[in-house]
Structure formats: structure tokens, C-alpha cells
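All values below were derived from every heavy atom in this structure, side-chain atoms included, with hydrogens, water molecules and symmetry-related copies excluded.
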Amino acid sequence: MSAFARCLAAAFLLVWTTTLGFAADRVIVILDASGSMWAQIDGKPKLEIARESLRAALQSIPSDREIGFMAYGHREKGSCSDIELIVPPAAGTAGAIATAADNLKFLGKTPLTAAVRQAAEALKYTEDKATVVLITDGLETCGGDPCALGKELKAAGVDFTADVVGFGLTAEEGKKVACLADNTGGKYIQASDEAALKDALAETVAAPAPAPAPEPAPKAVEVEYNLVPKAVLKEGVEVPAGMDVLFEAFKDDAQGTQGSNVASGYQPAKMQLPAGNYILLATSGGARTEQKIALTADKTAEPVLDLNAAALSLRAKPTADAEPDGSAQIVIDYPGGNSSANFGTAKTVVPAGETKITVKLGAGEASETLQLAAGQVVDKDIVVGVGKVTANASYTAGGEKVDSGDLSWKVFKAAKKIDGTRDQVSYGFGADSKFDLPAGDYIMAVDMQAVSAEQPFGVKVGEMSDVNVTLNAGVLAVDAPGADGFKVFEAKKNIQGERKQVTYAFGEKMQTTLAAGDYVLVTDFTTDKPANEMPFTVKAGERTELAVK
């Protein structure tokens with residue numbers, strides 16, 4: 001027999017033994033045989049649990065007790081009149097009731113109100129003491145009002161009582177049938193799980209005249225906060241101000257592992273939790289530790305959690321005498337993890353052990369490895385060593401700067417590799433592009449639509465410099481109604497008599513930047529009109545407009 005079945009059987013036995021303690025009392029047990037009894041609890045149909053529990057309870061009832069058995073919903077689907085007194089109340093009926101329960105079909109509705117009324121009438125409740133025990137796993141589905149019926153039967157009966165076992169009902173559902181028991185002076189037992197059933201049994205007294213309850217013990221005075229935790233880097237060393245410590249309290253389950261999270265707060269934290277056992281977790285930066293604690297309502301626990309960690313206060317600077325640069329990323333690799341969401345400055349706690357600090361600022365990078373002991377506090381500048389460069393371009397030497405998002409910059413090391421290529425170290429877009437670069441010689445290359453240009457420059461640590469690249473270019477604007485597209489070629493042919501294509505565009509209009517020089521514009525049309533070739537010249541710093549017809 002399952003634990004749930006044993007508890008349910010105990011509930012039936014408790015009801016009957018307390019109500020059958022008087023010689024004149026007769027009982028009819030009503031069993032819900034509706035289709036919902038096919039539902040399962042812990043993998044077993046409720047109807048099987050009910051049969052098993054009923055059989056066990058009947059074995060404990062004295063043979064001279066007069067007990068009858070009624071069921072509803074066992075013969076027809078959808079019928080509210082399917083109610084039958086299968087075993088009339090008499091002594092020695094335990095075997096007949098168990099057999100009847102075993103042969104029931106569970107398929108109908110739940111006319112529990114009408115069933116209780118019929119059982120009361122079968123017991124001649126207006127003439128003799130009578131008790132009905134209702135076992136139901138559902139609520140009334142045939143329009144009856146169990147609460148009103150309870151009042152009616154209690155008023156008309158000589159000594160009528162209805163006891164109700166709510167089998168698998170929720171607490172809210174139980175309230176809707178508990179009134180039947182309450183209004184007749186009976187008992188309602190919630191048999192939804194073993195813990196709830198034990199509580200019901202503990203609250204029910206089977207003695208005819210229970211002794212008066214003892215005076216309740218004085219309630220302990222509760223403190224305002226029963227948990228005030230603290231975390232330290234190590235014993236005697238505080239976590240520096242400005243470095244957060246998060247405390248999280250979890251229920252300590254039976255295996256000593258974390259259960260549900262019940263509270264959290266930052267140091268200095270003050271919490272009020274129900275008395276019980278908990279696992280307290282402290283986290284600061286990359287360091288964390290946990291401790292088991294037992295709390296009471298009348299005493300403040302003040303556990304101190306040792307993070308076994310060090311504290312870092314870092315500043316990333318382009319040069320030693322500069323302020324921290326908010327564009328500099330600080331990456332901290334510590335035992336068991338890393339942190340990369342720090343820019344300019346970082347204040348954090350890390351586990352004791354080897355920690356590598358890397359600062360990246362533009363194309364510059366600096367790193368340092370520290371051996372950190374528990375309780376150590378490090379306050380440190382990390383100097384990358386870069387100069388700052390602002391890049392702009394102009395159409396002509398000394399002319400107005402190009403203010404366009406089409407400017408595309410690439411920064412290369414000046415020295416070529418053995419294959420003749422250069423290493424790219426950075427890139428950017430638009431006017432006033434800024435670069436952080438280590439000391440050295442570089443090439444600033446820029447593309448502006450169909451124009452490319454470059455200029456060498458040098459960088460010194462701590463210096464700010466401007467690099468202005470001359471495009472030596474002008475702007476071409478073409479308007480060609482009915483055109484399908486354009487191609488622009490250099491005017492000069494190579495030795496094979498071919499021109500080099502410079503750029504192209506689609507549609508009826510085109511505007512682009514071209515290096516100063518001579519070109520040929522080829523315009524294609526959407527009709528059968530032949531392509532048009534037009535020579536033109538671009539001058540640096542000037543706009544050339546062409547109309548193609």
C-alpha cells in the first residue's frame with residue numbers, strides 16, 4: 001500500500017471511530033465513482049487508492065458496527081440520478097462493501113448533494129442518530145448546494161452528522177465541500193497529500209471529552225532582523241568600500257544542498273527570515289563563498305564569510321601622467337573566471353591566486369600578471385603607452401576637409417613584411433577619426449568612393465597629432481534621363497589599347513569622387529539607344545557636372 005493510501009485509510013478510520021463511538025449511531029459511506037477518479041496521484045489512479053484504502057479501513061472496524069455503502073456516477077455517464085445504496089447499513093458488512101467497491105465502474109458525474117440527502121433518508125435521520133461519510137475527489141456537478149443541505153439536515157435531524165474526506169482536492173476546492181461537514185458539526189479532512197493529512201489527524205481528537213488544552217507557552221520575542229551577515233577578504237580584512245558584496249539565502253534541503261532562493265541583499269545586509277536552516281552565499285566580483293546557518297526568530301545571527309580573495313582598484317591610462325581613459329578596456333583573468341566589462345577603471349574582488357590584467361586601448365595593449373594573496377589590496381595604474389591621432393582628408397593640399405561618412409580609414413605599420421605587405425593595426429570611418437597607437441611609424445590609408453590615398457606619419461607616446469591626407473580629387477555629377485547605368489574609365493589606354501575601369505553606378509544619376517585626371521564616361525540606356533561615350537576631366541577641389549542626352 002502506498003503512503004498516500006495508508007494516510008487516506010487512516011482518515012477513513014479516524015472518521016468512523018470518532019463517529020461510531022455511540023451505540024445508536026449508524027453510518028453510510030458514500031464513495032465518489034465519477035470519471036475523474038481515473039486521474040492519478042503519484043502514478044496510481046485515484047480509484048485504486050480509494051479501493052485499497054477503503055478495504056484497509058474496513059478491516060479495522062468492529063464487526064458489530066452497522067455500516068452501509070452508497071456510490072454515485074458508477075452506472076451511467078452524464079446522469080445526475082445515478083445514485084445507488086449498494087449495501088444497506090447493517091453489522092458485518094465490511095466484506096460486502098469491499099467487494100462492491102472493487103466492482104464499481106468510475107464513469108459518471110458528481111451529484112454529491114443528492115447522494116448525501118438519500119443516505120440521510122435511508123438512515124431515517126429525522127428519527128435516529130445518523131452519520132454519513134462522503135469521500136469525494138470533485139465538486140458538485142449536478143446543481144446541488146452542499147452547504148445549504150448541511151444546514152437543512154442538521155435542523156431536521158435528531159442527531160445528524162456529515163463527515164467529508166476531500167480526496168485530491170485543492171485547499172480552495174475543499175472549502176466548497178467542507179461547509180457540508182461544518183454545518184452538521186462534522187469533520188472535513190483534506191487528503192490531498194500526506195503532510196496535509198497528518199496535520200488533519202493531529203488536529204482531530206477521538207476522545208468523547210478531551211482534556212482542556214494547556215495554556216500556550218509564551219511566544220518568544222522576535223528580533224527585528226535575525227540575519228546580519230558580513231563578508232571579508234580574509235579574517236580581519238574588510239572588503240574595501242565601493243566593492244559590492246551580494247548575499248543570497250537559500251533553503252537548506254535535507255541533503256544539505258541549495259533549495260529555493262528566499263532572500264538577497266547587498267552588504268551591509270539586514271534580513272528577517274523564518275526560523276530554519278539555510279545556505280548563505282556571498283559573492284563579490286569573481287570571488288564567492290557559502291556557509292550553512294540556522295536561524296531562530298528570537299536571535300540575530302551575524303555570520304562572517306571569508307571570501308579568501310584580494311581586492312583590485314585599477315586605472316587604465318594612455319600615459320603615466322594622463323587621466324584614466326574611458327575607451328580603454330580592462331580584462332581581468334582570475335582563477336576560475338574572467339571579467340571584461342570594465343572600461344577606464346575597475347574596482348573588483350578576485351579569488352586569491354594568479355591574476356592576469358590586460359588593458360586594450362586602440363591598437364595599444366599592456367598586460368601584467370600578479371600573484372595575489374588573500375587579504376591583499378592592490379591599487380594600481382596600468383599604462384598602455386600610446387599617442388593619439390586624429391585623421392582627416394581634403395580634396396586639395398591645404399583645402400577644406402572632407403566631411404563625409406564615406407571616408408574609410410586603415411592604419412598600417414610602415415615597415416613592410418618580407419612579402420611586401422604591411423600589418424593593419426586599426427581602422428575607422430568618417431571625418432575626425434581618432435586612433436590610439438603605440439609609438440612607431442605608420443601609413444594612414446583612406447578610401448573615398450573611387451579615390452584612394454595614403455600618407456606616412458609617426459606616433460610618440462603621450463603626444464596628440466593630426467594626420468591630413470590629400471585626396472587630390474574632385475567630384476563628378478552625372479544626369480542622364482533614361483540611362484540604365486554608368487561606367488567610368490581612365491582616358492589613357494594601356495599597351496593593349498584597353499582603358500582601366502575606375503567605378504560604375506546604376507540608374508539615371510551618379511555622383512562620385514574621382515582623382516584629378518582625364519576620364520571617359522560610358523552611359524548605357526534602357527532602350528535600344530546605343531551607349532554614349534563622353535570624355536571629361538576632373539580637377540582637384542572642383543565639381544564636374546555632365547548632362548548626357
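Salt bridge status for Glu545 with Arg543: present, with a side-chain N to carboxylate O gap under 4.0 Å. In this structure, Lys109 does not pair ionically with Glu76, as no charged nitrogen and carboxylate oxygen lie closer than 4.0 Å. Salt-bridge check for Lys417 with Asp423: passed, with a basic side-chain N closer than 4.0 Å to an acidic carboxylate O. Classification of Glu463 and Lys388 as a salt-bridged pair fails, no side-chain N sitting under 4.0 Å from a carboxylate O.
Among residues two or more places apart in sequence or in another chain, the ring pair (Phe, Tyr, Trp, His ring centres under 6.0 Å) test is passed with Phe412 by none. With sequence neighbours left out, Lys401 forms a side-chain contact (heavy atoms from CB on, under 4.5 Å) with Asn392, Asp432. When the side chain to side chain donor-acceptor pair (under 3.5 Å) test is applied to Asn468, no partner is found at least two apart in sequence or on another chain. Scored by the side chain to side chain donor-acceptor pair (under 3.5 Å) test, Lys317 finds Asp381 as partners (sequence neighbours excluded). For Asp419, the side chain to side chain donor-acceptor pair (under 3.5 Å) criterion is met by Thr421, not counting sequence neighbours. For Phe506, the ring pair (Phe, Tyr, Trp, His ring centres under 6.0 Å) partners two or more places apart in sequence, or in a different chain, are Tyr504.
Smallest separation of non-hydrogen atoms from Phe429 and Ser408: CE2-OG, 3.7 Å. The nearest pair of heavy atoms linking Ala450 to Leu514 is CB-CD2, 3.7 Å. Nearest heavy-atom pair, Val359 versus Ala328, reported as atom, atom and distance to 0.1 Å: CG1-CB, 4.0 Å. Considering every non-hydrogen atom in both Asn308 and Ala374, the closest pair reads OD1-CB, 3.2 Å.
Thr345 and Asn342 form no side-chain donor-acceptor contact under 3.5 Å, judged by distance and modelled atom types alone. A donor-acceptor contact under 3.5 angstrom links the side chains of Thr537 and Asp518, judged on distance only. No side-chain N or O of Thr526 forms a donor-acceptor pair with one of Asp484 less than 3.5 Å apart. Side chain to side chain, Asp32 and Thr136 meet the donor-acceptor criterion of an N or O pair below 3.5 Å.
From Asn532, atom CG reaches atom CZ of Phe525 across 5.5 Å, with rounding to the nearest 0.5 Å. In this structure, Leu372 CG and Tyr334 OH are separated by 13.0 Å, a value rounded to the nearest 0.5 Å. Distance check: Glu290 CD to Asp252 CG gives 9.5 Å after rounding to the nearest 0.5 Å. To the nearest 0.5 Å, atoms OG1 (Thr296) and CG (Asp298) are separated by 4.0 Å. Note that the CG atom of Leu281 and the CD atom of Gln291 stand 11.5 Å from one another [nearest 0.5 Å]. The NZ atom of Lys46 sits 5.5 Å away from atom OG of Ser36, with the distance rounded to the nearest 0.5 Å.
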Practice task
Under the salt bridge (Lys or Arg N to Asp or Glu O under 4.0 Å) rule, what do Glu368 and Lys380 come out as? Steps first, then yes or no, please.
Solution key: CA-CA 11 Å; Glu368 188 170 344; Lys380 192 174 188 60; 3.1 Å; yes
Practice task
In sequence, state the C-alpha distance, the side-chain angles, and the governing distance for Lys487 and Asp524, and then conclude on salt bridge (Lys or Arg N to Asp or Glu O under 4.0 Å).
Solution key: CA-CA 8 Å; Lys487 297 184 183 71; Asp524 295 319; 3.3 Å; yes
Problem - Lys410 vs Asp447, salt bridge (Lys or Arg N to Asp or Glu O under 4.0 Å): CA-CA, chis, key distance, verdict - result: CA-CA 9 Å; Lys410 293 179 182 177; Asp447 292 319; 5.2 Å; no
Practice task
List the steps and the verdict of side chain to side chain contact (heavy atoms under 4.5 Å, CB included) for Thr358 and Lys360.
Solution key: CA-CA 7 Å; Thr358 303; Lys360 301 175 182 180; 4.2 Å; yes
Exercise for the section: Apply side chain to side chain donor-acceptor pair (under 3.5 Å) to Asp321 and Thr319, showing your working. Expected result: CA-CA 6 Å; Asp321 57 351; Thr319 60; 2.9 Å; yes
Exercise for the section: Walk me through it: do Lys234 and Asp306 pass the test salt bridge (Lys or Arg N to Asp or Glu O under 4.0 Å)? Expected result: CA-CA 5 Å; Lys234 74 169 188 177; Asp306 188 339; over 6 Å; no
Exercise for the section: Could you give me the CA-CA distance, side-chain angles and deciding distance for Thr348 and Leu314, then say whether side chain to side chain contact (heavy atoms under 4.5 Å, CB included) is met? Expected result: CA-CA 9 Å; Thr348 191; Leu314 306 173; over 6 Å; no
Problem - Test side chain to side chain contact (heavy atoms under 4.5 Å, CB included) applied to Gln455 and Ile443, step by step - result: CA-CA 6 Å; Gln455 181 174 316; Ile443 299 294; over 6 Å; no
Exercise for the section: Could you walk me through whether Gln501 and Val488 pass the side chain to side chain contact (heavy atoms under 4.5 Å, CB included) test, one step at a time? Expected result: CA-CA 6 Å; Gln501 182 174 318; Val488 177; over 6 Å; no
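Two residues are said to be in side-chain contact when any heavy atoms from C-beta on lie closer than 4.5 Å; Leu312 and Lys347 fail this criterion. Residues Val386 and Leu437 have side chains not in contact (no heavy-atom distance under 4.5 Å, counting atoms from C-beta outward). Using a 4.5 Å heavy-atom cutoff, the side chains of Leu273 and Tyr278 are in contact. Side chains of Val402 and Met448 form a contact here, defined as non-hydrogen atoms less than 4.5 Å apart.
Proximity of a side-chain donor or acceptor of Thr170 to a complementary backbone N or O of Glu173 within less than 3.5 Å is detected. Looking only at distances, no side-chain donor or acceptor of Glu490 sits under 3.5 Å from a matching main-chain atom of Lys492.
Classified by interplanar angle (parallel below 30°, tilted 30° to 60°, perpendicular above 60°), the ring pair Trp38/Phe106 is perpendicular.
Shown here is Gln371, whose CD atom has more than 12 heavy atoms of other residues, nucleotides or ligands within 6.0 Å. Crowding of Met534 atom CE: a count of heavy atoms from other residues, nucleotides or ligands under 6.0 Å exceeding 12. Counting non-hydrogen atoms of other residues, nucleotides and ligands closer than 6.0 Å to CZ of Arg315 gives a total above 12. Surrounding NZ of Lys549 are at most 12 heavy atoms belonging to other residues, nucleotides or ligands under 6.0 Å away.
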